[in-house]
Amino acid sequence: MESGTISLSTLSGGFDAHVTLESGQSYLWRREDGRMYEGDDEGSPWYYTVLDLDEKDHDVTPVPDDEAEPTVVRVRVTDEAVEWEASCDAHDLVTHLLRLDDDLDRIIADAPDRDLVHEAYDAHRGLRLVRDPPFGCLVSFICSAQMRVERIHEMVSSLARAYGDEVEFDGRTYHAFPRPEQLAATTEQDLRDLGLGYRAPYVQRTAEMVASGEAHPADFFDMEYEAARDAMTTFVGVGDKVADCILLFSLGYLEAIPLDTWMQTVVSDYYPECDRGNYAETSRALRETFGGEYAGYVQTYVFHLLRTRED
DNA sequence: TATCCAAGGTAAGTT
DNA sequence: AACTTACCTTGGATA
């Protein structure tokens with residue numbers, strides 16, 4: 001096992017693993033103590049992820065080892081540093097996956113001058129976007145349709161347990177998120193039995209599209225934003241909203257703002273002038289209001305503020 | 001205990 | 001192109 005630390009003093013804007021990994025933007029990390037979404041972050045819990053990527057995922061996600069074994073990485077945040085332990089040297093990988101290279105202080109300083117935006121940024125300092133591997137992110141958000149955050153996480157965990165490769169690390173068995181061909185080999189009924197409901201055929205058929213080489217989410221990495229969103233909807237079970245999630249949480253399109261039920265509420269309650277009656281136009285208007293380039297950061301903070309505040 | 005309802009939407013059919 | 005409707009499952013609310 002290798003390990004290392006990244007001093008918090010070197011990170012612009014700090015880092016809060018609890019809010020970053022339990023705010024519903026990634027479903028590919030879990031807590032070693034199993035207490036995900038129980039609201040407690042006492043004792044600097046370890047969060048882990050297991051990567052078993054295909055070739056095109058690698059174009060986006062730099063996993064340093066070429067071993068057959070999946071890569072296990074875990075992270076926790078103490079008062080002074082981000083600590084990591086992994087089956088390989090994971091300094092750059094951790095930095096990449098958790099966007100520790102983002103200049104968060106500057107992003108916040110450049111935020112649009114709106115009360116709601118200030119409130120959101122003040123409420124959850126250290127929340128960062130993530131860079132999930134493309135295929136896992138794609139499947140996660142296909143599963144997210146009309147689901148609570150906790151259950152999306154259960155679905156993704158079930159897929160890993162049922163179809164992902166096993167790997168031993170530090171005396172424990174871990175499961176990687178399945179590779180495309182592993183999910184493509186399932187049947188709709190298999191996935192329904194896992195509790196995916198009507199999303200089952202979406203996941204199976206999309207996995208088939210990726211495994212066969214017909215399309216891969218990493219193909220849409222370096223494109224004009226709206227063209228990339230349109231391209232992403234070629235996958236079964238992916239509409240505009242899920243497409244925006246993949247662009248934002250995996251491919252680094254920081255201007256993407258997924259318009260879900262929460263953000264629809266934000267539009268009607270705070271920015272009714274942005275409601276243009278359809279997804280594309282409303283998205284443009286809200287993106288402008290949220291300052292353009294880093295609108296996705298604003299969206300994630302506002303989304304989390306609305307989800308956590310009591311009223 | 002039974003019934004209802006909404007949860008980070010999408011696809012397919014209708015007007 | 002805009003508008004409706006069906007869709008799995010489940011935990012929590014309501015009767």
Side-chain angles (χ1 to χ4, degrees), chain A residues 19-29 36-39 120 124 127 129-130 132 136-159 162 186-209 215 217 226 229-250 253 256-270 275-284 286-287 290 295-310:
Chain A
V19 67
T20 297
L21 297 174
E22 300 192 42
S23 54
Q25 50 164 332
S26 173
Y27 299 96
L28 301 176
W29 292 79
M36 205 93 181
Y37 306 119
E38 290 178 22
H124 300 291
L127 168 58
L129 286 167
V130 295
D132 277 353
C137 184
L138 169 63
V139 174
S140 297
F141 282 93
I142 289 174
C143 290
S144 77
Q146 286 189 296
M147 273 296 142
R148 291 168 223 280
V149 164
E150 294 83 348
R151 280 214 60 219
I152 301 165
H153 217 287
E154 288 171 15
M155 289 181 180
V156 172
S157 300
S158 299
L159 288 173
T186 65
T187 66
E188 172 180 338
Q189 192 56 51
D190 289 338
L191 300 183
R192 282 183 183 271
D193 292 344
L194 230 49
L196 295 206
Y198 63 77
R199 304 153 198 80
Y202 299 166
V203 169
Q204 197 282 328
R205 291 171 60 192
T206 285
E208 228 164 41
M209 291 174 73
E226 291 193 13
R229 189 178 64 202
D230 287 346
M232 200 63 81
T233 62
T234 60
F235 294 107
V236 186
V238 178
D240 287 330
K241 186 269 171 184
V242 168
D244 267 332
C245 288
I246 303 160
L247 295 189
L248 180 60
F249 303 136
S250 176
Y253 288 80
I257 41 174
L259 292 185
D260 53 31
T261 52
W262 293 93
M263 294 311 290
Q264 299 286 3
T265 303
V266 167
V267 169
S268 56
D269 288 358
Y270 294 88
D275 187 357
R276 304 298 157 85
N278 64 75
Y279 192 100
E281 297 292 330
T282 302
S283 171
R284 265 181 220 164
L286 189 61
R287 188 158 59 256
F290 279 176
Y297 252 105
V298 176
Q299 184 273 355
T300 296
Y301 271 84
V302 168
F303 171 81
H304 193 62
L305 174 70
L306 272 283
R307 246 173 50 81
T308 55
R309 80 177 175 189
E310 329 244 337

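Quick caveat: nothing in here was measured; it's all calculated off a predicted structure. Here is the naming used below: chain letters follow the sequence lines, and residue numbers restart at 1 for every chain.
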Problem - Gap in Å between the two P atoms, one belonging to dT10(B) and one to dG11(C), rounded - result: 24 Å
Practice task
With rounding to the nearest 0.5 Å, note down the distance linking CG in D260(A) to CZ in F303(A).
Solution key: 5.5 Å
Exercise for the section: Give the rounded distance in Å between these two atoms: CG of D193(A) and P of dT10(C). Expected result: 11 Å
Exercise for the section: Using a strict cut-off of less than 4.0 Å between a Lys/Arg side-chain nitrogen and an Asp/Glu carboxylate oxygen, indicate whether E281(A) and R284(A) qualify as a salt bridge. Expected result: yes
Handout entry: Sugar-phosphate only, base, or nothing, as touched by Q299(A) at under 4.0 Å among non-hydrogen atoms
Key = base
Handout entry: 5' precedence on DNA chain B between G237(A) and P258(A) (nearest-nucleotide basis)
Key = P258(A)
Exercise for the section: Can you tell me the distance, in whole Å, between the CD atom of Q204(A) and the P atom of dA11(B)? Expected result: 15 Å
Exercise for the section: Looking at every strand, decide which applies to G239(A) at a 4.0 Å heavy-atom threshold: base, sugar-phosphate, or nothing. Expected result: sugar-phosphate
Handout entry: Length of the OH-C1' vector between Y279(A) and dG8(B), whole Å
Key = 10 Å
Exercise for the section: Could you give the distance separating dA6(C) and dC4(B) at their P atoms, to the nearest angstrom? Expected result: 16 Å
Problem - Pairwise side-chain contact, M155(A) with Y27(A), heavy-atom cut-off 4.5 Å (strictly under) - result: no
Fill in the blank from the handout: Considering only heavy side-chain atoms of Q146(A), the closest of dC7(C), dT9(C), dA6(B) is dC7(C)
Practice task
Measure from the ring centre of W262(A) to the centre of the six-membered ring in the base of dG8(B), then say whether that distance is under 5.5 Å and the planes meet at under 30°.
Solution key: no
Practice task
Would you mind reading off the distance between Y37(A) atom OH and dA7(B) atom P, rounded to a whole angstrom?
Solution key: 17 Å
Problem - hbond_proxy Y198(A) side chain to dG9(B) base (donor-acceptor, 3.5 Å cutoff) - result: yes
Problem - Nearest-angstrom distance from the residue atom OH of Y27(A) to P of dA7(B) - result: 14 Å
Exercise for the section: Rounded to the nearest angstrom, tell me the gap between atom CG in D230(A) and atom P in dT10(B). Expected result: 13 Å
Exercise for the section: Let me know the distance between CD of Q264(A) and P of dA7(B), rounded to the nearest Å. Expected result: 12 Å
Exercise for the section: Pick base, sugar-phosphate or nothing for E150(A), based on heavy-atom distances below 4.0 Å to the nucleic acid. Expected result: nothing
Exercise for the section: Please state whether the phosphate of dT10(C), meaning OP1 or OP2, lies under 4.0 angstrom from any side-chain nitrogen or oxygen of R151(A). Expected result: no
Fill in the blank from the handout: Atom CZ of R205(A) and atom C1' of dA12(B) are separated, to the nearest Å, by 11 Å
Problem - Distance flag, aromatic centroids of F290(A) and Y297(A), threshold under 6.0 Å - result: no
Exercise for the section: Quick one: label S23(A) by what it contacts on the DNA or RNA (base, sugar-phosphate, nothing), any heavy atom closer than 4.0 Å. Expected result: base
Exercise for the section: Take atom C1' in dA11(B) and the same atom in dT10(C), then report the distance between them in whole Å. Expected result: 23 Å
Handout entry: Any side-chain donor near an acceptor of the partner, H124(A) and T308(A), under 3.5 Å
Key = yes
Completion exercise
dC7(C) -> Watson-Crick or G-U wobble partner, both distances under 3.5 Å, gives dG9(B)
Problem - Identified side chain to side chain contact (heavy atoms under 4.5 Å, CB included) partner of S283(A) from the options E226(A), R229(A), R276(A) - result: R229(A)
Problem - Along DNA chain B (nearest heavy atom to each residue), the more 5'-positioned of R307(A) and F235(A) - result: R307(A)
Exercise for the section: Tell whether R199(A) reaches the base of dC7(C) with its side chain through a donor-acceptor pair below 3.5 angstrom. Expected result: no
